[in-house]
Amino acid sequence: MATTCTDYNFREIEPFWQTFWEKNHSFRATADPAKPKYYVLDMFPYPSGAGLHIGHPEGYTATDILARYKRTRGFNVLHPIGWDAFGLPAEQHAVKTGTHPAANTQNNITNFKRQIKALGFSYDWDREIDTTDPRYFRWTQWIFLQLFRRGLAYVDERPVWWCPELRTVLANEEVVDGRSEVGGFPVERRNLRQWVLRITAYAERLLADLAEVDWPESTKRMQEAWIGRSEGAEILFGLEHAAGATLKIFTTRPDTLFGCTYMVIAPEHPLVATLTVPEQKAEVDAYRRKAAAKSDLERTDLAKEKSGVFTGAYAINPVNGSRVPIWVADYVVMGYGTGAIMAVPAHDGRDHEFAIRFSLPIVQVIDSDGAPLPYVGDGRLINSGTYTGLPWSEAKQRITADLAGRGAGQATVNYKLRDWLFSRQRYWGEPFPIVWVSAGDYASISAVRRDKLPDQPVTFTQDGATHYAVPLPPESLPLQLPSVQSYLPSGTGESPLANETNWLELWFNFETGAAVPASQPKPAGAAWVRGRRETNTMPQWAGSCWYYLRFVDPRCETAIASSESLKYWGTPDIYVGGAEHAVLHLLYARFWHKVLFDLGIVPTAEPFRKLFHQGIILGEDGEKMSKSRGNVVSPDTIIESHGTDTLRLYLMFLGPLEAMKPWNPRGIEGVHRFLQKIWRELIALDGSVNAKVSRANQDSAELTKLLHESIKKVGEDIENLRFNTAISQMMILVNAIQKAPTINIETAQVLVQLLAPFAPHIAEELWSRLGGSQSVMLAPWPAYQAEKIASSEVKIVFQVNGKHRGDQPVPVGTTQETALALAKASARVAPYIEGKVIKRVIFVPGKILNIVVE
RNA sequence: GCCCGGGUGGUGAAAUGGCAGACACUAGGGACUUAAAAUCCCUUGCCUGAAAAGGCGUGCGGGUUCGAGUCCCGCCCCGGGCACCA
């Protein structure tokens, strides 16, 4: 059972074995309680029109090696793949060509599938999923409804990029230098009604549980920074002009409260209008307008010079009653803390810069031990009334506690993490399973379906009318996308779905989810209400937030996956993908997973126990691969010229998996030659087994030792994802086999087994020709024998004062005395110790003897 | 500015604190060949030397250690991420 070629003809061998695997369903994963499971997950690709990028096969080859290796170690391996297929490019293509995004997406998937199959990955294709398939996004919508029911989804006005010329909302990547990518028209920020997910409710757990996962430290640090927990205090400042009114600020430095000489509120702060005195109104309004017109980019660009205006109002410092001027400045942002700060110019760089610029007083309250201001270090308090003399950490607690006692403040924890903007004004995404109804209808629905609704109704108000969000009954899912006339946004800021009146405006049965266009008469029955569908769609993240759960039971029609499947397969044992997802995808997925955990649906609190990032492969020029640079390498080209086994091996031999490394086409020849050499050593010119390979042959002790060392090293390296050194070891073994006049056939078979996870096609072919039964994939991984590796002799290195002065083979177990005697007798060592006093001898048995002399 | 990585031959890279440069690539020389390709052998960090051998060498400067690419301190450079976060 092999091909008939006589030389290493990868063009014949590779398709042959790919067909074999496909016919035999070699990689189908079936739950088997008798076997331990191992779930290897790749970050599933977005099927772009450009096809596979060389970065895809890098990570996918790594996981494929691991998956194939684990199978031979007796694990029941789940290694699935699918498509993250909603998203902007397909929509843009649809706008341009008028073809349905689904058609374009299917074309791209077909192409991706062809490319991925050509790489010979051991995916279980029976589990293929596609996030745009209604049978899949039915459950994405279902999870949304769980979030909605638990009060974790709400509606709010949020700023988005708006292009007046195109009359459409733009994504960040569609805005280049303040202009639309298409057409180059100016863009502006505009508030639109958006769905928002309350990820901040999980901030504490998302942070704490990072301690439980085996992830790269850098990724954990990035998530920590993104969550941005800081402890401090909220402090209420009284307002001079309005008795009883207060201004709430957040600070991490309540210990510096006596050094507060002014306050700053964000331009968007709701109190700006009421605080500002009439004389300052014009100036403040002008400043606010200017700040609002600025993009985030401009606002940070202008950060070099602080700007701001005085409101004319004063606050009262709760700790000492001093009168503090209130300013408006855009270096304070509304989205963090309370949108207002107490400024302590002596101990904060930004406040200091601002105080200098506007000649505001600077009062030092922490002893800097002579260091210049601004001083942000620790120290004892000065100029701080009864707190003077306290160490700062103690002062923080005392001042906060004292303020709390008087109702003027409290200890708080703040997060940089914001709630997640979860809607897009686009066509090509999951529709929200939500219908908006009137207050009256909501009340009647609430009377009978209370358990399906959140504790607090989700509402928005427009043109004086308040709309209430009602979920579709889960049994009525999926809510499919209607076909539309145009994929262009409606022009009002709503998605193209807003133009589909018959889909949008409806009579809605809240018991069954049934819908009838509003243009038709209202059907009979108490459960029918007048509604309008949500026109937003979900972002691409939605589908990728839970796909790893669907893989365990991809065809389940009663749940996201059956509880038995979730129990057996659980979550991925290893997850491999790019570091570009370090924050967003990996944080969003953790959030959803925790919600599902709280619902009792998944058995663990964390989705990805072990995570690994493959490094980026750069172009030959050392730059990031990109179309515009023209340095993109396609896997197809290499497969055509050298075969996929060579490509796989080369990708892994380039360097450590996690490293960023440039593509170097010359190196491909090296690994290709390695495969040809293996073929030549094992197979004769006529295609039969080479005469030097026989069951009758006895391997030399050295070759036997090397073989067992190689079994050990290759296995260990695969477990640790150090594929480059595993390949080096195989090269060393093959070089030795080449030099041996004859080898035992079992040695050849073991070599083929070691090679199989890396270069599976040639391995299958050789295995078959060497007389192996069925597939090399079914042969258990060879075991090494420790006693075959142990040798009776070791080389001991002689050093004098740490410098290498020769070496000598000695029997294992040689004592320090014997070694020292040998060293003294050595012609190379002797001159360095002659006439010198030996101060000390360092002896590492079997390794090194270091003689320290005067 | 802050937070992560990283800096080793002509190149990609190896190296539990213990012989720096494994394994490859490139280049040079040789064998085989009418010739070329393929294949095989030798050389390939720098300096001195015919050789044996010796000296120097892992971005720079210090330190710890019998011994440092590896650990510590201070710099420089490159890459990535975040950034007025109170």
Side-chain angles (χ1 to χ4, degrees), chain A residues 7 216-222 224-226 228-230 232-233 249-253 256 263-264 266 296 299-300 302-307 329-333 335-344 347-351 353-354 414-418 579-580 582-583 613 615-616 618 622 624 650 653-656 658-671 673-674 676-677 680 722 724-735 738-739 795-807 827-828 831 839-844 846-853:
Chain A
D7 58 348
E217 281 305 309
S218 58
T219 304
K220 288 196 197 183
R221 293 293 90 79
M222 277 171 76
E224 276 171 17
W226 193 266
R229 181 184 201 274
S230 56
I249 62 101
F250 172 74
T251 179
T252 55
R253 296 293 305 273
T256 61
M263 302 184 77
V264 181
D296 292 358
R299 225 162 132 164
T300 44
L302 292 171
K304 283 157 200 133
E305 176 119 314
K306 292 273 177 290
S307 67
D330 64 4
Y331 81 92
V332 171
V333 295
Y336 182 77
T338 62
I341 62 157
M342 66 173 205
V344 184
H347 303 291
D348 180 279
R350 295 152 302 179
D351 297 347
E353 194 191 325
F354 192 85
N414 234 299
Y415 300 93
K416 281 190 207 175
L417 185 68
R418 317 281 172 79
E580 68 271 20
V583 180
H613 297 305
I616 298 169
L618 304 170
K624 238 180 191 169
Y650 176 61
F653 191 58
L654 262 178
E658 69 276 18
M660 183 185 287
K661 47 220 173 238
W663 179 258
N664 174 3
R666 285 192 304 217
I668 297 164
E669 293 297 336
V671 289
R673 260 178 249 169
F674 167 65
Q676 284 176 316
K677 189 190 281 188
R680 256 194 335 269
R722 293 199 312 233
N724 54 331
T725 49
I727 295 167
S728 294
Q729 183 66 35
M730 289 190 277
M731 286 175 168
I732 292 168
L733 177 62
V734 170
N735 287 344
Q738 186 185 24
K739 294 208 166 48
K795 189 175 80 173
I796 190 144
V797 171
F798 300 141
Q799 292 184 344
V800 178
N801 289 345
K803 284 210 185 288
H804 179 240
R805 302 294 177 194
D807 50 59
R828 279 182 64 192
K839 275 171 61 182
R840 205 176 153 185
V841 175
I842 312 287
F843 181 64
V844 182
K847 261 196 182 149
I848 212 154
L849 178 84
N850 187 12
I851 305 168
V852 186
V853 298

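All figures in this text were calculated on a predicted structure; none of them were measured in a lab. In what follows, chains carry the letters A, B, and so on, assigned in the order in which the sequence lines appear, proteins first and then strands, with residues in each chain numbered from 1.
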Using whole Å, report how far [atom1] of [X] lies from [atom2] of [N].
X: His804(A); N: G57(B); atom1: NE2; atom2: P; value: 17 Å
X: Arg805(A); N: C66(B); atom1: CZ; atom2: P; value: 19 Å
X: Gln676(A); N: C40(B); atom1: CD; atom2: P; value: 10 Å
X: Gln738(A); N: C41(B); atom1: CD; atom2: C1'; value: 11 Å
X: Glu669(A); N: U26(B); atom1: CD; atom2: C1'; value: 12 Å
X: Met731(A); N: A14(B); atom1: CE; atom2: P; value: 13 Å
X: His613(A); N: C4(B); atom1: NE2; atom2: P; value: 15 Å
X: Glu217(A); N: C4(B); atom1: CD; atom2: C1'; value: 11 Å

Once you apply a heavy-atom cut-off of 4.0 Å, does [X] come out as touching a base, just sugar-phosphate, or nothing?
X: Asp351(A); value: nothing
X: Arg722(A); value: nothing
X: Gly670(A); value: sugar-phosphate
X: Lys220(A); value: nothing
X: Asn724(A); value: sugar-phosphate
X: Ile842(A); value: base
X: Asn850(A); value: base
X: Pro656(A); value: sugar-phosphate
X: Phe653(A); value: base
X: Ser728(A); value: base
X: Ser230(A); value: sugar-phosphate
X: Ile848(A); value: base
X: Gln799(A); value: base
X: Lys839(A); value: nothing

- Note on the structure: Here the gap from Met263(A) atom CE to Met342(A) atom CE, rounded to the nearest 0.5 Å, amounts to 8.5 Å
- Message: Using 0.5 Å steps for rounding, measure from the CZ atom of Phe674(A) to the OH atom of Tyr650(A).
- Response: 15.5 Å
- Item | Tyr331(A) six-ring centre to Lys306(A) NZ/CZ under 6.0 Å and within 45° of normal | yes
- How are the rings of Tyr336(A) and Phe250(A) set to each other: parallel, tilted or perpendicular (split at 30° and 60°)? perpendicular
- Task: May I ask you to decide if Ser230(A)'s main-chain N or O and Asn414(A)'s side chain share a donor-acceptor pair within less than 3.5 Å?
- Result: no
- Would you check if the side chain of Asp348(A) reaches a backbone N or O of Ala343(A) as a donor-acceptor pair within less than 3.5 Å? no
- Output yes when Arg221(A) and Glu217(A) qualify as a salt bridge under the 4.0 Å nitrogen-oxygen rule, no when they do not. yes
Opposite nucleotide pairing with [N], Watson-Crick or G-U, both atom distances under 3.5 Å:
N: G1(B); answer: C82(B)
N: U65(B); answer: none
N: C19(B); answer: none
N: U39(B); answer: A31(B)
N: A24(B); answer: U11(B)
N: A50(B); answer: none

- Note: for Gly802(A) and Asn735(A) on RNA chain B, the residue whose nearest nucleotide lies more 5' is Asn735(A)
- On a whole-Å scale, what distance lies between the P atoms belonging to C75(B) and G69(B)? 22 Å
- Verify the contact: side-chain N or O of Lys416(A) to OP1 or OP2 of C82(B), cut-off strictly under 4.0 Å; return yes or no. no
- Can you check G9(B) for me, syn or anti if syn means within 90° of 0? syn
